[in-house]
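Step one of this worksheet: look at the structure below.
Both backbone and side-chain heavy atoms feed into the values below; hydrogens, waters and symmetry mates do not. Each chain gets a letter, A, B and so on, in the order the sequences are listed, and its residues count up from 1.
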Number of protein chains: 2
Amino acid sequence: MGVEQSEQWAEITPDAARRLVIAAVAAFAERGYHATTTRDIAGRAGMSPAALYIHYRTKEELLYRISGVGHRLALEILRRESGRDGTPAERLAAAVRAFVRWHAEHHTTARVVQYELQALGEEHYAEIVGLRRETDATVRGIIEDGVAAGDFAVPDVPGTTLAVISLCIDVARWFNSEGKRTPDEVGELYADLALRMVGYAAGR
Amino acid sequence: MGVEQSEQWAEITPDAARRLVIAAVAAFAERGYHATTTRDIAGRAGMSPAALYIHYRTKEELLYRISGVGHRLALEILRRESGRDGTPAERLAAAVRAFVRWHAEHHTTARVVQYELQALGEEHYAEIVGLRRETDATVRGIIEDGVAAGDFAVPDVPGTTLAVISLCIDVARWFNSEGKRTPDEVGELYADLALRMVGYAAGR
DNA sequence: CCGGGGGGTGAGCGGTCGCTTAGGGTACGG
DNA sequence: CCGTACCCTAAGCGACCGCTCACCCCCCGG
């Protein structure tokens, strides 16, 4: 898992900066942004407290970088799956499956990305909110397609979109890698639940 | 809303202790436990920083009291609704409707209750986790009843239970009292979504 | 062999944190 | 009228925070 976890941070260079990001994700996910000290982050990365400031101007900038990379990764997954050929039901299932699998597999990153947003500065926060709106629009697009095709029965499209995304995001909060469910299993279960939520009747 | 909000804290006496709890809930919900200072809480309650320690031994004890009252209130609502007479579908809809309405109406309290748990000390945390397990058991009981009666079609009961509760809880994160949805509307929407998730076919 | 620059460290600064302490104001029983 | 029990405050203690600074080491071109 260590190698796999570091691959998602491949775009962060040099090596020391990437080690700091990985250490920060672990610390933020475990205790939260405000309860984490810069000394703790540097210590986990095997450096002195001062080394952090060679690569990042502030602790908040570290969170911003993590949040940006994480949101872009999640959005990319969602767009790739929702853009495939297929019926709206197939596209919704694929999107939810992949989105949930990412939130489970990278639940430490996802926890930081989804639940520590409020600690961002005003400008950085506004930028991230823009990415979140795109996530919302992507899911809503699939559901609208399904309604237009007569495959889905959804009385409240924006509300149901919100609920589906909310359900997926919350996986990051409760998922435990030592639990008995694998990311694949949770993704499969949630894809089915999402289809049920939009009133898709399988096999009919 | 002020009066209504303070009513849920009626069991906290004397008055000064209750004002501190209300101030702490507002501050914790807005910035999180670790980003809130005891000076901020006391200031919101119209007292000096030292006054907090007349009524609570530590800042963590304040969180513990809030968490305890909130969890007990939410569990009480869930049990009352799930214990009514009626079909499993009616009971599930009523439970979800009321549980979600509480999370929306008291979304500041609910946010603290649901998302600041990790800041509790070890013993207090363990106690609260016990209450959460009872919440889980209550919802699972309804779903099992529905499956036994042949009204619900649920391949994975524990997983679906977890998803339904997760969906309800996450309302506290995104709900905004200045948004366009009322707590009643969200409760209604979510009751319908929960029935869909358990494979209940209305009117058939 | 030397000079310079980028990544690193030890020590520590100013500020703020959770919490404590000494004492003041007020209502009330005797 | 006094004692006293209860809330409360002003001031501040020790610890720890985010962040900085002076300096060091090591690699590399000339």
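When every heavy atom of B:E61 is checked against every heavy atom of B:H55, the shortest pair comes out as OE2-O, 4.5 Å.
For the 3.5 Å distance criterion, the side chains of A:Y200 and A:D192 fail to qualify, holding no donor opposite an acceptor.
Nearest nucleotide to the side chain of A:A50, out of C:dA11, D:dT9, C:dC19: C:dA11. Of the candidates D:dC8, C:dC19, D:dT9, the closest approach to any side-chain atom of B:A16 belongs to D:dC8. Residue A:T38 has its side chain nearest to D:dC19 when only D:dC19, C:dG10, D:dC8 are considered.
Summarising the geometry, the separation between CE on A:M47 and P on C:dG7 is reported as 11 Å, rounded to the nearest angstrom. For the pair A:Y56 OH and D:dT20 P, the computed distance is 16 Å after rounding to whole Å. In this structure, A:I54 atom CD1 and C:dG5 atom P are separated by 17 Å, rounded to whole Å. Between the CZ atom of B:R39 and the C1' atom of C:dT20 there is a distance of 12 Å, rounded to whole Å. At whole-Å resolution of the value, CG in B:D40 and P in C:dC19 are 15 Å apart. For the pair A:D15 CG and C:dG6 P, the computed distance is 19 Å after rounding to whole Å. Look at CD1 on A:I41: it is 13 Å from C1' on D:dC19, rounded to the nearest Å. One interatomic measurement links the two molecules: CZ of B:R31 to C1' of C:dC17, which rounds to 14 Å at whole-angstrom precision.
Here the side chains of A:Q8 and A:H106 are in contact, with some heavy-atom distance below 4.5 Å.
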So A:E127 and A:Y64, side chain to side chain donor-acceptor pair (under 3.5 Å) or not? Walk me through it. CA-CA 10 Å; A:E127 188 185 324; A:Y64 171 61; 2.6 Å; yes
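At D:dC19, one or more side-chain N or O atoms of A:Y53 fall inside 4.0 Å of OP1 or OP2 (strictly under the cut-off). Applying the 4.0 Å criterion to OP1 and OP2 of C:dC17, one finds that B:H34 has every side-chain N and O outside that range. Checking the phosphate oxygens (OP1, OP2) of C:dG8, a side-chain nitrogen or oxygen of A:H55 falls inside 4.0 Å. In this model, the phosphate group of C:dG10 is not approached by any side-chain N or O of A:S48 to a distance below 4.0 Å at OP1 or OP2.
Take the nearest nucleotide of DNA chain D for A:R57 and for A:T37: the residue whose nucleotide is more 5' is A:T37.
Between B:R44 and B:D40 there is a salt bridge, since at least one side-chain N of the basic residue sits less than 4.0 Å from a carboxylate O of the acidic one.
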